[in-house]
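This report concerns only the one structure given below.
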Protein chains: 2
Amino acid sequence: MSTIKDVARAARVSIATVSRVVNNDAKVSDKTRASVLKVMADIGYTPNANARALVTQKSSTIGVVIPDLTDPFFASLANGVDQVARQHHMQLLLSTGQISAESELQAINVLIERRCDVMVVHSKKIKAEVLLKLAEKIPGLVLIDRYIAAIAHRCVWLDNEEGGRIAARHLMSLSHQHIAYISSKYEIDDPLTRLKGFTEQLPQQHLTSSPDLIAYEEPNLRGGEIAAQKLLAKGLPFTAIFVYNDAMAIGAISTLEDNGFKVPSDISIIGFDDVLFSRYSRPKLTTLRYPIEQMAKKAALLALQLSKGEVSDEEHKYIPNLVKRESTAIAATTK
Amino acid sequence: MSTIKDVARAARVSIATVSRVVNNDAKVSDKTRASVLKVMADIGYTPNANARALVTQKSSTIGVVIPDLTDPFFASLANGVDQVARQHHMQLLLSTGQISAESELQAINVLIERRCDVMVVHSKKIKAEVLLKLAEKIPGLVLIDRYIAAIAHRCVWLDNEEGGRIAARHLMSLSHQHIAYISSKYEIDDPLTRLKGFTEQLPQQHLTSSPDLIAYEEPNLRGGEIAAQKLLAKGLPFTAIFVYNDAMAIGAISTLEDNGFKVPSDISIIGFDDVLFSRYSRPKLTTLRYPIEQMAKKAALLALQLSKGEVSDEEHKYIPNLVKRESTAIAATTK
DNA sequence: GTGAAAGCGCTAACAG
DNA sequence: CTGTTAGCGCTTTCAC
């Protein structure tokens, strides 16, 4: 691969001049510029970004830490960041880390090695104090989908508890009295917080929650199927299910229908996230919209600002909103 | 951010020694190693990957060029590459380029600037000769989802024509006589090739294809909806649709059902790709399996080998296979 | 085992 | 406008 020196030699100028035309920076005579440009094209010169990053101390890449790309939720997240990156002529460096503190830390570390100025991190398992230390070290680090009070202005997060409340109110407004919950088996805050908001709303209609009506599985399509089976197997009556996310909701519907239950006439289902797909499921899924792409853009923009030393102490809290579609309806007569 | 010099100074050794322990490379006395390690931990040293890449001339990142992350098909592709990257302790550098020659080229160029040793490129619009030149320049470049004879052993692709044939045979075996085709509006080979295979199979049952029964739209859920509407609007009789991909197929089903048509009893639908979601649509989608993740892994592995100078002249052609689910059935009596 | 020194490709003063 | 030069942080001979 040719270097700046090769170009300089061939164009009979100094490397400084070549550098100038590459960065179309300082004043270079049109003539010189043209001839350098020509040489570059001829020998197929491509500047070395690593060398450039080394001397300028900036990598012009935005790092993203997510668990996994196949989950459409995280794909949307990455996509939001990517859009901002493109807008700013930066690249996306993806670092996937399973849901474990060690793996998440490892993923962040990779980004640091690359001297990512800007990073959007989805971390569920790293302890707050560790994250705090990291945030101190890396000005352009922003947390998404997590809230830590001490760095509230560097968190872009969703009010999960409110989401739970909204779901509860919606289901209760449809006269449901026995509501099950399908939850994620991962030990992270979100499913708990959603359940908390949900449960706390129940007494308003003199309902109570029952731990027996909760099933924990992997937060994906398959997990939803299994969770629904488990719920069914218990033989307890319920007319609605609040499901941790859309993927599980759709999996659950699949199981339910395969077992002869009609959604929503027999059982109502409400999901969470409003991934693209939810609008196309049959029945179309009622869910809580989690504007993750928008949030990811916000996070990327924020990280960009922070990396430049700009600070603001705004909070970036988002509230999910109810998207009523077809998977919820008035409760069937209680069995 | 601290450097190797800081560590050397604090540990009272030379930078060479620090470098050695970082790469836990040569022989360093246990004592020295321990003390260096301690200093590194104390001051929070993280090696600079850019500097390292500069001197070693290798970036330890795998580059991926795809149009877009929100499409689950491409997310799976990226995920496959990511898995290989993780296995080899490398990072994923993502370069998204819309479907245009210029934008794809730009995306590849970014990877070259970063001196990506290894890259998996999904390019539909760059001309073969340009790609050939690029491939010559970059030994670790592999094309996915595209076939160029001159570099056949560096292409990992699917036989789309055969896919079309399989779809046609399946539908004909169910006695369908009037079959529509929902296609992508992008001017790329795939939809054409699939249609070609499909059409060429028709005469076997004395059927002919009709350009009137083809609708072109964006290859996503929304596009499928619109395409189905267009087809319906024509008022021509058909009992089955061969759809360019699963996303469009699901969109089409949505439109069809909203218009009172039952799938598959009124109209059969067969998709293409077998994205995760297809198994959970209602009705469950009959489709052609495109093992993209597996292919992406293969491509990444191949690129890795090539970058090391290992060559083999195997071909990497994949054949889609029919996944029968619920969206196709015996043709309704022709109207 | 360990250190000194050269240099990867580039940018950014500083001269002229 | 253009060239010289000093590093950026690191790896890698080559001595000792």
Side-chain angles (χ1 to χ4, degrees), chain A residues 1-40 43-61 89 91 109-117 137, chain B residues 1-37 39-40 43-61 89 109-117 137:
Chain A
M1 192 122 302
S2 57
T3 77
I4 201 172
K5 279 186 192 166
D6 301 324
V7 178
R9 198 174 310 123
R12 304 172 166 283
V13 294
S14 72
I15 60 166
T17 299
V18 178
S19 175
R20 284 183 189 110
V21 351
V22 168
N23 297 290
N24 61 23
D25 206 47
K27 330 92 202 328
V28 179
S29 77
D30 288 350
K31 205 180 132 191
T32 316
R33 160 163 287 119
S35 88
V36 171
L37 249 17
K38 179 168 185 335
V39 171
M40 295 200 318
I43 67 180
Y45 168 70
T46 311
N48 184 324
N50 295 123
R52 189 182 275 176
L54 182 56
V55 36
T56 60
Q57 304 277 31
K58 57 180 55 169
S59 66
S60 71
T61 93
H89 305 286
Q91 242 38 56
N109 208 49
V110 164
L111 263 24
I112 300 181
E113 287 183 358
R114 288 293 203 291
R115 295 300 185 264
C116 258
D117 336 284
K137 186 173 168 188
Chain B
M1 195 122 296
S2 56
T3 77
I4 200 172
K5 279 186 192 167
D6 301 324
V7 178
R9 198 175 309 125
R12 302 171 167 284
V13 294
S14 72
I15 61 167
T17 298
V18 178
S19 174
R20 286 184 188 110
V21 354
V22 167
N23 298 291
N24 61 23
D25 205 47
K27 328 93 203 324
V28 179
S29 76
D30 288 351
K31 205 179 133 192
T32 316
R33 160 165 284 120
S35 88
V36 170
L37 249 18
V39 170
M40 297 202 316
I43 68 179
Y45 169 69
T46 311
N48 183 325
N50 297 123
R52 190 181 273 175
L54 182 56
V55 36
T56 59
Q57 305 277 32
K58 56 180 56 169
S59 67
S60 72
T61 91
H89 305 286
N109 208 48
V110 164
L111 262 24
I112 299 180
E113 287 183 358
R114 288 293 204 290
R115 296 301 185 266
C116 258
D117 335 285
K137 185 174 168 186

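The figures that follow rest on heavy atoms only: side chains count, while hydrogens, waters and symmetry mates do not. To find a chain, count down the sequence lines: A is the first, B the second, and so on, and within it residues start at 1.
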#### Entry: Side-chain touch B:Arg114/A:Ser60, heavy atoms, less than 4.5 angstrom
yes
Going by heavy atoms in the side chains, are B:Val21 and B:Leu37 under 4.5 Å from each other? yes
With sequence neighbours left out, the residues meeting side-chain hydrogen bond (donor to acceptor under 3.5 Å, both in side chains) with A:Ser14 are A:Thr17
Sequence neighbours excluded, the answer for side-chain hydrogen bond (donor to acceptor under 3.5 Å, both in side chains) partners of A:Lys38 is A:Asp42
Can you tell me the distance, in whole Å, between the [atom1] atom of [X] and the [atom2] atom of [N]?
X       : N     : atom1 : atom2 : value
B:Lys58 : C:dG9 : NZ    : P     : 15 Å
B:Leu54 : C:dA6 : CG    : P     : 17 Å
B:Gln57 : C:dG7 : CD    : P     : 14 Å

Q. Would one find a side-chain N or O of A:Asn50 under 4.0 angstrom from OP1 or OP2 of C:dC10?
A. no
Can you tell me if A:Ser19 touches the phosphate of C:dT11, counting only side-chain N or O atoms and a distance under 4.0 Å to OP1 or OP2? yes
Contacts of type side-chain contact (heavy atoms from CB on, under 4.5 Å), residue [X], not counting sequence neighbours:
X        : value
A:Leu111 : A:Val65, A:Leu93, A:Ser95, A:Cys116, A:Met119
B:Ala8   : B:Ile15, B:Val18
A:Thr46  : B:Asn109, B:Ile112, B:Glu113, B:Arg115, B:Lys137

What residues 1-8 of chain A contributes to the DNA chain C interface at heavy-atom separation below 4.0 Å is A:Thr3, A:Ile4, A:Lys5
Contact list (N/O, under 3.5 angstrom) for nucleotides 13-16 of chain C vs protein:
none

May I have the list of side-chain donor-acceptor pairs in residues 24-34 of chain B shorter than 3.5 Å, sequence neighbours left out?
from, atom 1, to, atom 2, distance (Å)
B:Ser29, OG, B:Thr32, N, 3.1
B:Ser29, OG, B:Thr32, OG1, 2.5

For residues [X] and [Y], report the shortest heavy-atom separation together with the two atoms involved.
X       : Y       : answer
B:Val22 : B:Pro47 : CG1-CG, 4.1 Å
B:Ile4  : B:Tyr45 : N-CE1, 3.5 Å
B:Ala11 : B:Val36 : CB-CG2, 4.1 Å

Check: residues 49-58 of chain A side-chain donor-acceptor pairs under 3.5 Å, at least two apart:
from, atom 1, to, atom 2, distance (Å)
A:Thr56, OG1, A:Arg52, O, 2.7
A:Thr56, OG1, A:Lys58, N, 3.4
A:Thr56, OG1, A:Lys58, O, 3.4

The nucleotide from C:dA4, C:dT11, C:dA5 with an atom nearest the side chain of B:Ile15 is C:dA5
5'-most to 3'-most nt of DNA chain D touching chain A (<4.0 Å, heavy-atom partner on protein side) reads D:dC1 to D:dG9
Residue pairs meeting salt bridge (charged side-chain N to carboxylate O under 4.0 Å, His left out), one or both in residues 4-20 of chain B, sequence neighbours left out, come to B:Asp6-B:Arg9
One would report the end-axis bend of the helix from C:dG1-D:dC16 to C:dG16-D:dC1, five pairs per end and rounded to 10 degrees, as 40°
>> Over all strands shown, is A:Val13 touching base, sugar-phosphate only, or nothing at heavy-atom distances under 4.0 angstrom?
In response: sugar-phosphate
(Q) Applying a 4.0 Å non-hydrogen cut-off, can you work out what B:Asp25 is touching in the nucleic acid: base, sugar-phosphate, or nothing? (A) nothing
Of B:Thr56 and B:Val28, the one whose closest nucleotide on DNA chain C sits nearer the 5' end is B:Val28
task = Output, in order, the C-alpha distance, side-chain angles, deciding distance and verdict of side-chain contact (heavy atoms from CB on, under 4.5 Å) for B:Met1 and B:Asn48.
result = CA-CA 9 Å; B:Met1 195 122 296; B:Asn48 183 325; over 6 Å; no
